[in-house]
Amino acid sequence: MEGVTIGAPLAFQIENRDHLKWRGKQVEPFTTPRPGHADLSGAIKYGYRDLRPALERASARETSARVAVGAVCKHFLAQFGVRIGGYVVSIAEVQAELGEMPFAERFERAEASEVRCPVVQSSTAMAERIRRAMEERDTLGGVVEVIALGLPPGLGSYVQWDRRLEGRLGAAALSVPAVKGVEIGPAFANTRLAGTQVHDAIRLEGEELVRPTDRAGGLEGGVTNGAPLVVRAAMKPIATTLTPQQTVDLASGVETPTRYERSDFCPVPRAVVIVETMMAFILADALLEKLGGDSLGEMLPRFAALRRLRLADLPMDGEPHIFWPD
Ligand SMILES: Cc1cc2nc3c(=O)[nH]c(=O)nc-3n(C[C@H](O)[C@H](O)[C@H](O)COP(=O)(O)O)c2cc1C
């Protein structure tokens with residue numbers, strides 16, 4: 001009312017134009033599960049006579065509703081100066097070299113790229129690689145990177161396993177269809193280095209604690225540390241390939257090649273906004289936990305009063321004391 005939510009559900013309707021095509025028509029049953037899709041899982045789990053309900057329900061079209069809701073979460077976070085953006089870092093073997101490019105510039109450049117990659121030459125190479133996969137009647141996966149900028153330190157917790165932000169963000173990213181791996185910052189690359197090369201030094205600049213590097217990806221002990229929060233998600237090459245794969249027709253019990261369903265070749269660029277959305281859900285929740293409150297009027301002053309990375313905010317006097325008195 002008057003441009004402000006009043007606690008009633010916000011409703012979105014996204015029309016699926018495909019629906020009309022199906023109305024009142026008799027269709028051939030779909031009984032040949034595609035390896036790597038949810039077809040066989042659906043048949044086992046729900047006992048369908050036709051795989052269609054499984055493949056329609058498991059379709060990533062469902063994520064358009066998530067993205068709509070994610071826009072609300074992003075808007076909420078923006079009131080506190082938090083911005084979430086993302087881009088593609090690799091498709092198949094084509095890897096973008098991002099170097100020291102600032103995050104805001106990466107977001108902007110990704111917006112201008114048809115494959116959502118901030119590096120122009122890599123974008124061209126990725127688009128070319130996707131065209132080749134289409135000619136080869138195949139599909140491709142890749143890696144997306146999503147960043148949250150402007151987060152205050154202190155969101156999340158280590159006091160219970162289910163409050164660690166790594167776990168919450170990881171689960172949220174893995175809920176995106178075809179995402180099979182997640183890392184916080186360069187987690188897998190860090191495993192190839194020694195501890196002294198991995199951890200982000202704590203330095204003092206005036207009264208301010210600063211972290212010159214961000215190999216932790218913005219999280220230490222399940223808690224934001226004030227550095228950019230970096231989540232990377234690995235998406236597999238999708239299951240529906242123009243080149244048939246081996247399967248079994250569940251109706252006839254005969255081994256057969258898969259049947260093609262209209263499909264993408266490489267939805268990696270479109271997964272970026274979905275992973276952004278999932279991150280926005282979790283971070284909006286974590287911020288609400290931290291600030292409580294029922295209105296921005298309550299939350300904004302609390303946000304301004306949060307403990308920051310200033311020595312003066314940390315109540316340590318260096319005095320000896322007894323933890324467990326007799
Ligand atoms: C944006 C997006 C688009 C997708 N498009 C397709 C598609 O066209 N064809 C396909 O087979 N899978 C597609 N997928 C992947 C399937 O939804 C996913 O593989 C399927 O639900 C099985 O789940 P799983 O791969 O997580 O095990 C897409 C995923 C995303 C995120």
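None of the values given here were measured: they were computed from a predicted structure. Atoms within a ligand are numbered from 1 in the order they appear, just like the ligands themselves.
Y87 contributes atom OH, which lies 13.0 Å from atom OG of S113 (distance to the nearest 0.5 angstrom).
Residue-ligand proximity: M235 is placed with a non-hydrogen atom under 4.0 Å from ligand 1. Remark: distances from the non-hydrogen atoms of T63 to ligand 1 are all 4.0 Å or more. The shortest heavy-atom distance from E261 to ligand 1 is not under 4.0 Å. Heavy-atom separations between K180 and ligand 1 include at least one value shorter than 4.0 Å.
Considering only heavy atoms from C-beta on, T241 stays 4.5 Å or farther from R137 through its side chain. For the pair I238 and P267, the minimum side-chain heavy-atom distance is below 4.5 Å. Residues F103 and E108 fail the side-chain proximity criterion, which asks for heavy atoms closer than 4.5 Å.
At the top of the distance list for atom 9 (N) of ligand 1, counting protein heavy atoms only, stands S263 OG, 2.7 Å. The protein non-hydrogen atom at the shortest distance from atom 28 (C) of ligand 1 is A60 CB, 3.7 Å. What sits closest to atom 23 (O) of ligand 1 on the protein, heavy atoms only, is A178 N, 4.3 Å. Here the heavy atom of the protein found nearest to atom 16 (C) of ligand 1 is H37 NE2, 3.8 Å. The protein non-hydrogen atom at the shortest distance from atom 17 (O) of ligand 1 is P177 CB, 3.4 Å.
For ligand 1 and A58, the ligand atoms under 4.0 Å from any heavy atom of the residue are 17 (O), 21 (O). Using a 4.0 Å cut-off to heavy atoms of T240, the atoms of ligand 1 that qualify are 9 (N), 10 (C), 11 (O).
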Go through the steps to decide whether R132 and E136 satisfy the test salt bridge (charged side-chain N to carboxylate O under 4.0 Å, His left out), and finish with yes or no.
CA-CA 6 Å; R132 206 174 90 214; E136 290 168 358; 3.4 Å; yes

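The residue from I274, V273, V268, D264 that puts a heavy atom closest to atom 8 (O) of ligand 1 is D264.
For Y48, the ring-ring contact (aromatic ring centres under 6.0 Å, His included) partners at least two apart in sequence or on another chain are Y46. For D317, the side-chain hydrogen bond (donor to acceptor under 3.5 Å, both in side chains) test picks out no residue, with sequence neighbours left out.
Taking 4.0 Å as the cut-off between side-chain N and carboxylate O, K74 and E276 count as a salt-bridged pair.
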